[in-house]
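To find a chain, count down the sequence lines: A is the first, B the second, and so on, and within it residues start at 1.
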Protein chains: 4
Amino acid sequence: MTELNARVGRPRSEQARDAVLHAADDLLLEVGYAALTMKGIAERAGVGRQTVYRWWSTKAEILFEASVADAEEELSVPRDPVPLADLTSYLGALVTFLAQSPAGAAYRTLLAAAQHDPAVKELIASRDVLTDSTRSVLARNGLPASDDAAARVIGPPFFWIMSGRPPADFPTATLARDLLHALTMDG
Amino acid sequence: MTELNARVGRPRSEQARDAVLHAADDLLLEVGYAALTMKGIAERAGVGRQTVYRWWSTKAEILFEASVADAEEELSVPRDPVPLADLTSYLGALVTFLAQSPAGAAYRTLLAAAQHDPAVKELIASRDVLTDSTRSVLARNGLPASDDAAARVIGPPFFWIMSGRPPADFPTATLARDLLHALTMDG
Amino acid sequence: MTELNARVGRPRSEQARDAVLHAADDLLLEVGYAALTMKGIAERAGVGRQTVYRWWSTKAEILFEASVADAEEELSVPRDPVPLADLTSYLGALVTFLAQSPAGAAYRTLLAAAQHDPAVKELIASRDVLTDSTRSVLARNGLPASDDAAARVIGPPFFWIMSGRPPADFPTATLARDLLHALTMDG
Amino acid sequence: MTELNARVGRPRSEQARDAVLHAADDLLLEVGYAALTMKGIAERAGVGRQTVYRWWSTKAEILFEASVADAEEELSVPRDPVPLADLTSYLGALVTFLAQSPAGAAYRTLLAAAQHDPAVKELIASRDVLTDSTRSVLARNGLPASDDAAARVIGPPFFWIMSGRPPADFPTATLARDLLHALTMDG
DNA sequence: GCATAAGCGAGACGGTACGTCAGGTCTTACG
DNA sequence: CGTAAGACCTGACGTACCGTCTCGCTTATGC
C-alpha cells in the first residue's frame, strides 16, 4: 500500500471539479479574463470558495486545466498524404482554434497572462499544446520538428489573430507553400 | 477659431503628465501589469488619483501613451543598402525590442490585454506601431508591404518571445533569408 | 484715514454675494446640511469656488449670514398689551419659525453643527437670535429677562420640534400661562 | 423554527461588534461627529471596512447602538419618596447626561443629525430614550406622563446645553419647583 | 490714460473619504 | 475530512468634495 492514508475522509467531489471547470470556461467567454474572478467562478459553479482554492491557486490554473484537453482535440487534424495539403489544413485548424474556439481563447489569454505572471509562464512552458501539435505535424511530413520551425508555423497566424484581424483574411495557402519550401531547404 | 474656450481655467500640468507616464513605465517593470494599479501609479507619480482619471481611463491607456514614442524610436534601424542585411538587422531590433525593452514589454502587455478588453483592442488597432514599422522596412526593400507580409515577419519572433524562449536563440538570419525569398516570389 | 488702500482694485460683487446666500438657502432645503457643499453652493450660484472661499470659510458661516436677518424679522411679533396674549403669540411665532421657516431650519442646523464644531459654536454664541428676541419679549412684559428665563421659554418648543413632533400639537397656550405664573413668582 | 438557516456559515464576531462600538464612542469624543468617518472607525477598531458596512449603514446607526444602553443607565436615578426631590435629582441627572456623558454627546449629535437626515430621524423616533425616561419619572410622581409634559421637563436643560451654556449654571431647583406646580395643576 | 491691484469664473492640482467589490483566510454545521 | 455558507481583514476600485493654485478677464483707483 503506497497510499495508506490517502482515502481517509470525504473523497474529492468530481461533481464540484467539473462544475468549476465549466463555470470558468463559460465565464471566460461571457465576461473576459480580467473580469473573471475566483469568487465568480465559485458562485457560478455553486461551490464554496474554499473548495476552489483547495484545488487551484489561480484562475489561470483553472483555465489551463479546463482547456488543455479541448485544445489537443481541436488541433489534431487527420493526416493528409500530400504534405502541402496536410500543412495547409493544419494551418486552417490553427487559425480556427485561435480565433473561434473557447479553448483557443483560453490559450491566448494564458499566454497573455504569462507575460507578467511567472507562475503562468511556467504552467504554459510545462505543456505548450500549440508547439507540441505543430511539431508532430512537421515531423509526419518529413520536415524539421524544431522549436524554431514550429515558431515559424505558429507565429504568423498567432500574431494575426492576437492583433485582432479577421481569421478569414489570413493567407493560409501562401504561408503553407512558402513554409514547405523554406523548411525543406533548411532540413 | 477651433479652440475658443481652450484657455479657460488652469492649464494642464505637463509635469504631472510626465510623472504619470514615467511612473507607469517604472511600475510595469517592477511589479508587472496585473499588480499595476491606477492608485499605485498616482502615488508613485506624486499626483492625485483624480488627476490620473481626468486624462486616462485605464492603465492600458497610460501604458500606450507612455510606450508609443519609445517604440517608434527603438524600431527605426538605419537602412542598409543590402536588403538581406537590412531585413536581418530589423529582425534583430524586433527581437530585442520585444524581449528587452520596457516599451516592448508594454507592447506585449497591451496586446495581451486587448484579448479580453475591446477598448484596448481599439487602442492598439488605432496605432499598431509594430506593423507600421515593419511595413515601412518591407517597402524600402522593394517587398510587398501588406498586412499579411508584415504578419509573416513579426509573427515568428513575436510568438518566440511571447512563449518565453530566450531571444538569443531566435534564428534571425534564417528567417530573414527565407522571408526575402518568399516575399520576392509573392510580389 | 482708516481705510487708505481699502478701495484699490475691483470692488466686491454684491451680485455674487447674494447669489451665494440664496444658493445656500435653497440647497439647505433641497439636499440638507450634510449634502450641502461649498462646491455645490458655488456651482448653484454660478460663481467661482475661490469667490466663495474668499468671503466665507465654511458652509456654516454662509448659512449664518443668510439666515440671521430673516430670523430677526420672523420672530418680531407685534406687541399685545395683554402679557398672556403677547407671550402666547410669541410662542406661536417661535414654533412656526423653528418648524416651518427656512431660517428656522438654518438655525436648527447651525445649533446642531455647533455641537461638534467649536467655530460654529462661537458663531452662534456671538449672536443668538432666538435668546435675544425672547429676552426682549420677556422684558416688555415685565418678566425677568435672564438667560435661564429665556431657556425656559425656548426649551420646550425647541425640543418638541427638534425631536420631530408636529408643530400643531405643541401646547402653546398652556405653556404661556404656566410660564407667566412661574416667572412672575421668580421676579 | 423561525431561524432555520441562521446558523449557516461563520457566525458574527462579537469581538468585532464591540470593537466598532467602542471605536465609534472614542472617536466621537476625540474628533467630533463631522470628522467621524466609517473608515476611521474601522481602522481604530482594527476591523475591515466591509465588516462595518455589513452591520451598519451609517455612522449615526453605530452611535445609536453604542449609546442607547449607556443612556438608559445614566438616566435611571433612584426614586426619592419626595416628588420635588425626585424631580430635582432627575433634572440634575439630565443636565449631567447631556453635558458630560459620552452617551449624552451621542444623543445631542444624533438629534442634530436627525434635522437633515430622515433615516436618523426615524432611528431616534423609534427609541427616544430621553422622553421615555422622563415620562416614567413623571408617572412615578403622580404627574401627567404625556409627551408635552416630558417636553416641558427636557426642553429647558436641553436648549441650555445645546446652546453651549455651562451646566452648573442651570437652575435645576427652580425649574423642578415650577414644573411640579404647573403639572399638578394640569393633571 | 495707462499702470496697478483686486475680484471674477473656470478648472486643474494633490489629497482623503466615500461605498463597493474581490482577494484569500477563517470558522461554523452538515454529510 | 470535504463540503457550502458566509464572516473576517485587506486593499483597489472610480467618484465626490476638500481647499489651493493658476489662468485670462474685468473693473475699479490713482499716478
Item to check | Separation of Gln115(D) CD from Leu111(C) CG (nearest 0.5 Å) | outcome: 9.5 Å
Next on the checklist: Check the phosphate of dC8(F) against Trp55(D), side-chain N and O only, distance under 4.0 Å to OP1 or OP2. Yes or no?
Outcome noted: yes
Next on the checklist: List the residues meeting side chain to side chain contact (heavy atoms under 4.5 Å, CB included) with Ser13(D), not counting sequence neighbours, and say none if there are none.
Outcome noted: Gln15(D), Ala16(D)
Checklist outcome for this item: Axis-to-axis angle for the helix from dG1(E)-dC31(F) to dG31(E)-dC1(F), ends of five pairs each, to 10°, equals 10°
Checklist entry - Atom NZ of Lys59(C) and atom C1' of dC17(F): how far apart are they, to the nearest Å? => result 10 Å
Checklist entry - Rounded to whole angstrom units, what separation is found between the CZ atom of Arg54(A) and the P atom of dT25(E)? => result 12 Å
Item to check | Euclidean distance, Leu21(B) CG relative to Trp55(B) CH2, rounded to 0.5 Å | outcome: 13.0 Å
Checklist outcome for this item: Separation between CE (Met38(D)) and CZ (Arg49(D)), nearest 0.5 Å, reads 9.5 Å
Item to check | Flag if over 12 foreign heavy atoms under 6.0 Å of CD, Glu122(A) | outcome: no
Checklist entry - Considering all heavy atoms of both residues, which atom of Leu110(D) and which atom of Ser67(D) are nearest to each other, and what is their separation? => result CD1-OG, 4.5 Å
Next on the checklist: Pick the closest DNA chain F nucleotide for Ser57(B) and for Gly48(D) by heavy atoms, then say which residue is nearer the 5' end.
Outcome noted: Gly48(D)
Checklist entry - Quick one: CZ on Arg44(D) to CG on Asp25(D), what's the gap to the nearest 0.5 Å? => result 11.0 Å
Next on the checklist: I'd like to compare against my own output: the B/S/- annotation of nucleotides 20-25 of chain F with a strict under-4.0 Å heavy-atom distance to protein.
Outcome noted: BBBS--
Checklist entry - Mind checking what makes side chain to side chain donor-acceptor pair (under 3.5 Å) contact with Thr51(C), not counting sequence neighbours? => result none
Checklist entry - Once you round it to whole Å, what is the distance between P of dG14(F) and CH2 of Trp56(B)? => result 15 Å
Next on the checklist: Contact list please: residues 18-45 of chain D against DNA chain E, heavy atoms, distance less than 4.0 Å, in numerical order.
Outcome noted: Thr37(D), Met38(D), Lys39(D)
Checklist entry - Applying salt bridge (Lys or Arg N to Asp or Glu O under 4.0 Å), which residue pairs with at least one partner in residues 53-70 of chain B are found, sequence neighbours left out? => result Arg17(B)-Glu65(B)
Checklist entry - In Å and rounded to the nearest 0.5 Å, what is the OG1 to CG distance from Thr37(C) to Leu27(C)? => result 7.5 Å
Checklist entry - Mind checking whether Thr109(C) and Leu36(C) have side chains closer than 4.5 Å, heavy atoms only? => result no
Checklist entry - Does OP1 or OP2 of dA4(F) have a side-chain N or O of Thr51(A) closer than 4.0 Å? => result yes
